[in-house]
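Take a look at the structure below.
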Amino acid sequence: MPKKISEEQPEPKGLVFNIERFCVHDGPGIRTLVFLKGCPLSCWWCANPEGMNVRPQVAFFPDRCIGCGNCVNVCPENAALGSQEAGISYVIERCRHCAECVEACPSRARILYGKQMSVGEVFEEIEKDRPFYRRSHGGVTLSGGEPLLQKIFSRSLLKHCAENNLHTAVETSGQADWETVCRTFESADIILFDFKHIHPLKHLKFTGSNNLQILDNLRRLDEAGRPMILRVPVIPEFNASGEEMVAMAQFAAGLKQAHSCHLLPYHAFADVKYRCLGMRSRLPSLESPPNELMEEFKNIWIDAGVETQIGG
Amino acid sequence: MTSRTERLRSRLYRNPPEICLERARLYTDSWIETEGRPLVVRRAMALAKVLKEMTTYIEEEELVVGNHASRAFSVPLFPEFSASWMADEMDSFKERPQDAFVLRDEDRDGLLQIVESWRGKTHFDRVMGNIEHSLPAELAEVFDKEGLHINQVYHAVISTTDGDGHVILDFEQVLSLGFEGLAQKARETRQSLDPTLAQNIRKRIFLKAVIIACDAAADFGRRYEALARNLAAQCTSEERRKELDDIALVCNRVAAGPAETFREALQSVWFAFLLSQIESNGHSMSLGRFDQYLYPYYERDIEDQRITREEARELVECFWIKTAELNKLRNWRSTRFKTGYPMFQTLTLGGQTIEGLDAVNDLSHLCLEATADLKLIAPTVVARIHPGTPEDFLLACCRANLTHGGGLPGLFNDQTAIPCLLNMGIPMEDARNWAVVGCAEMAVPGKSCSMTGGGGYFSLLKLLEITLNGGTNPSTGICLCPEKKDLSTFQSYEDLGRAYQRQVDYYLKFMPMCANAVSSAYAEGTPTPLLSAMMTHRIETGVDHSEGGGPNYNDTQVQFHNTANLGNALAALKKLVFEEKLISGTELKDVMASNFGGPRGEEVRQMLLNRAPKFGNDDDTVDLITRQAVNWFVKGVKKFKPIRGGVYGPTLQTLTSNVPEGEFIGATPDGRRAGEPTSDNASPTAGTDLSGITAAVKSVAKLEHEQHPNGTLFNLKIHPSMIEGEGGMAKFAALIRTFFELGGMQMQFTLVSAETLKEAQAFPERHPDLVVKVAGYSALFTMLERTFQDQLIARTEHRL
């Protein structure tokens, strides 16, 4: 029996936009990923655009639409328009994300990203794959969005998992004040820390925020002896150059502890999601960095003395 | 691969397979000559004539010798099992879309003559005759003689047109006695039988047949000895001459008596295996625990430095290539159910010893290496996994899967299989010695008859369609068991459930009726004296394999098809019609009758697809319904006893039948359109297991696998990127271990990306040797039916 949730009464709820089972690239073993909605950054290359906004969001997938018109009938804001013959359209500006249309849609053409869930409800989902964690030395990873933005929920969920003998990991941008980072991740066994760029201004331009607080948190977690993996997204036009990689690798090599590094090549898989959420990807249709280039970058990091792999 | 085996391999698929009349001619001639003698003796004499006069050849560079037909990958014919279709279909063999064969023009008349001389006298004719007697008169009328089914629910198609097959020979016995030794054993037994006792006359006749067959088998080996000597005499290459001399020597030893060396043992196993497939064309003849019975020879030869590991591996590779040369001509109906030239020659590695210790040895690893490297469709290599299986062996299996891509080795769970066999009353030592036959059937080598005629399959989804229509099958209009209510009038889910169970009970009885008819036909017409000689106890008991009986184990296979569709359909009815009442029974009935046509048709279909839970997502609300529905059948068949003794052994395997079977099932409440394929094996319906691999694995594990002695199959398609690298392998291994810990029986993988499959579909010429997993067997992707290719592509691909 899982232990009872011990603190923060009433039980905190989090806004979760996905729980994905059998993840093998986000921490050791076979893992369940819990995606929390809302992020303080707005990175141009974000692969989970449905996780950026802090509120629930309706997305419309026209490919799945059968034109039944149920959404048009129920939408109180006239954000769903059209007919079977003319096709259904979605006027995002009018949408207040009440999700009436999601309920009415038979074909999953309308999806609501973001569901309020209690720690217990999320834990129940995580618990389902315990036999696989046991065999593979896996566990749970909080991701997002940004877990730090839902700090009370993240902290309680991590604590609850740890108390129930699950291995816990977080994927984070590190963007919050030190006390929040420290308290929220108290029960995390390992922190997958996004290390995006070394230069504050370039960081600001491409993510909406400079990296001063982030790098400060990275240093302090390192000094506190917290196990970490550095996660470096390799993004064309942002940091995919030898010069930038050298600077980042040197920074990492200068940390007190030896943290390994995962180089994560940019991909454009999220383009569809951007469109369906009525959002605009700020890096449209870039090519993924070629394998040879990734190998070159990997060698830069290894030469700097950091254990590095391509992919998570 | 060595350069030799690479060349031998490349010759395999060079030409389209041909039809070879030689066996059929020789067999038919003998049959005419021996009229009047006892049946089993005639069978032995016909075999002897074939073995004496058929073409033998040794291909350039071959080391393991012995051919099936006059050319490699060609097929001998077995008109004694069924013949008339050969005349009916002869013009389409070459052009048919799957499993095409070339019939040479000069052979057409010969084939017609052969067919004519067997008209009305084949196994198939006996089966049809027996069914007429087995079914009550009013039901004999509804038995569809073309489709071989009862109202499309019970299909008696298996084992009606060809041999019984589905056994593992007692290879240890063959290795230790040789064919002369077996003949000698039969002579001694025969002499010891008191001729004054009534029961002995049949035994003495049977044993006479055994002696004729075993002598002929020994002579067959000597023919290769002579052939090798002749070839050596003409050979200009010093190196090849030496190889041919060695072949001659090996054949000589193996013909006469026990094998001494690894190479002799390998040749002896090949002859035994091959001969059992010249005697009869029952497929799924399997190789059993190859790494166990050959290991003593391997170990000794390595220790005595008689052979190096590399040489042994080359020989094993030569053996693998020989198995891939065997082939079989099926009629069109059977072909659609078994697409991709399958022979189901399964070979089992690993597992436990009869003492319960781990059985993995260096030969197990060597076999895995050969399998991964050659990337063939045969033999179907599988591995038994138990908690004590060394991690390095499981990881080697995982790596072999990734290299092979097309599903070899499949993995089986000792922890489910052994209790399953114990449940059947098989003692622990034999249960621990189990190996896989065909797709997934569990058998004790030499002792189990795991097909035993008969076995047919039930279409679970068709039966639901019938239930929802008040007992009438909409596609045939036939109502055998009328219901008072139908979908428009069922009051509750329980009401529907009761009606379905009534239909199950009604239709189940056709299984024993048909199985008895088929099993009897084998015993009455096509005994297999050579195969019997190579099974444990058959010489001692003096009873042919086809007669069944103890002390050997029998179980008659019965297949349950479309399990995931059935579970999904029941769950959708329960939730949407009876609980949430989002769709009325009347509306759903109408909508399905029009194949989701009409103004709300597609909307209803989307609700069925998306608003109801689907098997394969770790959701008890549908998983437990699926489990319960399957168990209605499992429990039902236990009432019956097969003619050969033992039990009816259920299995959740479908081969490629889910495509043709779907064609005659109308629209169903799982959102499936009329005519669309059904789910395969025990797997979730393609494209509906969307909660990750672990969820799919947990759902499948919830079925009661230990109730299925003929196995359950679970196909998973995983994108290769998921498991690359050593870390990936460890996770792959953990996934397998966990499925087995949860009670799963078997899992197999296609580790080829959907992109690759799509490309191969568009440009088959670029991927002539792309292998994929179908059911228990692997096949060349480009040789599969397009609809089935689409199914493989649609099978949910698990990736990030």
Side-chain angles (χ1 to χ4, degrees), chain A residues 18-33 47-48 61 64-71 73 83-85 102-111 124-139 141 143 260 262 264-265 267 269 291 309-312, chain B residues 387 391 394 576 582-583 596 599-612 617-620 623 671 689-699 701 716 718-719 721-744 796 798-800:
Chain A
N18 194 8
I19 297 179
E20 202 170 302
R21 296 164 70 174
F22 195 71
C23 294
V24 293
H25 295 150
D26 306 272
I30 294 171
R31 311 189 73 82
T32 294
L33 251 67
N48 290 329
F61 292 81
R64 299 184 201 154
C65 178
I66 59 167
C68 67
N70 287 1
C71 50
N73 296 337
S83 64
Q84 185 126 35
E85 296 72 37
V102 175
E103 265 304 295
C105 177
S107 62
R108 288 197 191 158
R110 292 183 178 269
I111 299 283
E124 202 180 309
E125 280 301 305
I126 297 169
E127 185 67 13
K128 284 182 176 170
D129 275 352
R130 188 184 281 272
F132 298 92
Y133 312 145
R134 196 165 51 222
R135 276 284 176 195
S136 67
H137 308 291
T141 302
S143 183
S260 60
H262 294 171
L264 310 174
H267 61 77
F269 298 153
N291 289 342
Q309 67 183 54
I310 298 168
Chain B
E391 201 60 15
L394 180 57
L576 301 178
L582 287 172
I583 315 166
F596 302 112
R600 232 169 78 94
E602 184 57 18
E603 190 183 335
V604 167
R605 192 177 88 87
Q606 291 294 334
M607 281 163 73
L608 295 169
L609 285 174
N610 298 312
R611 289 288 169 98
N617 296 284
D618 191 16
D619 181 340
D620 278 354
D623 295 348
D689 47 330
L690 301 172
S691 307
I693 299 180
T694 53
V697 160
K698 278 187 76 190
S699 285
L716 262 178
I718 302 183
H719 195 274
S721 65
M722 287 294 280
I723 53 166
E724 273 159 6
E726 274 312 295
M729 278 304 142
K731 290 169 195 175
F732 189 20
L735 180 76
I736 295 160
R737 293 254 194 213
T738 312
F739 179 57
F740 287 172
E741 193 173 280
L742 295 171
T796 310
H798 292 282
R799 61 176 295 170
L800 281 187

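Because the structure is predicted, anything quoted here is derived from the model rather than measured.
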ask   = Would you find a donor on one side and an acceptor on the other, under 3.5 Å apart, between the side chain of Arg737(B) and the backbone of Arg135(A)?
value = no

key: Among the listed options Arg134(A), His137(A), Lys128(A), the residue most often paired with chain B at heavy-atom distances under 4.5 Å   = Lys128(A)

inquiry  = What part of Arg64(A) gets within 4.5 angstrom of chain B, counting heavy atoms only: side chain, backbone, both, or neither?
reply    = neither

message = Please classify the contact between Val604(B) and chain A as side chain, backbone, both or neither, with a heavy-atom cut-off of under 4.5 Å.
response = neither

message = Are Leu735(B) and Ser136(A) packed together at the side-chain level, in the sense that at least one heavy-atom pair is separated by less than 4.5 angstrom?
response = no

message = Just verifying a value: how many Å separate Ile30(A) CD1 and Thr738(B) OG1, rounded to the nearest 0.5 Å?
response = 6.0 Å

task = Please name the pair of heavy atoms, one in Cys68(A) and one in Glu603(B), separated by the smallest distance, quoted to 0.1 Å.
result = CB-OE1, 3.8 Å

inquiry  = So for Ala730(B), is it side chain, backbone, both, or neither that comes closer than 4.5 Å to the heavy atoms of chain A?
reply    = neither

query = Step by step, would you call Arg21(A) with Lys698(B) a side-chain contact (heavy atoms from CB on, under 4.5 Å)?
reply = CA-CA 12 Å; Arg21(A) 296 164 70 174; Lys698(B) 278 187 76 190; 3.9 Å; yes

note = Cut-off 4.5 Å, heavy atoms of chain A, and the answer for Glu602(B) is both

ask   = How about Ile693(B) and Phe132(A): do any of their side-chain heavy atoms sit closer than 4.5 Å?
value = no

query = Of all heavy-atom pairs between Ser107(A) and Gln606(B), which one has the smallest distance, and what is that distance?
reply = CB-OE1, 3.2 Å

request  = Please determine, among Gln84(A), Glu103(A), Gln309(A), the option with the most heavy-atom pairs under 4.5 Å with chain B.
outcome  = Glu103(A)

task = Rounded to the nearest 0.5 Å, what's the gap from OG1 on Thr694(B) to CZ on Arg130(A)? Could you check?
result = 14.0 Å

request  = Between chain B and each of Gly138(A), Gly67(A), Cys105(A), count heavy-atom pairs under 4.5 Å; write down the option with the most.
outcome  = Cys105(A)

inquiry  = Quick check on Leu742(B) against chain A: is it the side chain, the backbone, both or neither that has a heavy atom closer than 4.5 Å?
reply    = side chain

request  = Output the distance between atom CG (Asp618(B)) and atom CD (Glu125(A)), rounded to the nearest 0.5 Å.
outcome  = 8.0 Å

task = Please determine, among Glu741(B), Met607(B), Lys731(B), the option with the most heavy-atom pairs under 4.5 Å with chain A.
result = Lys731(B)

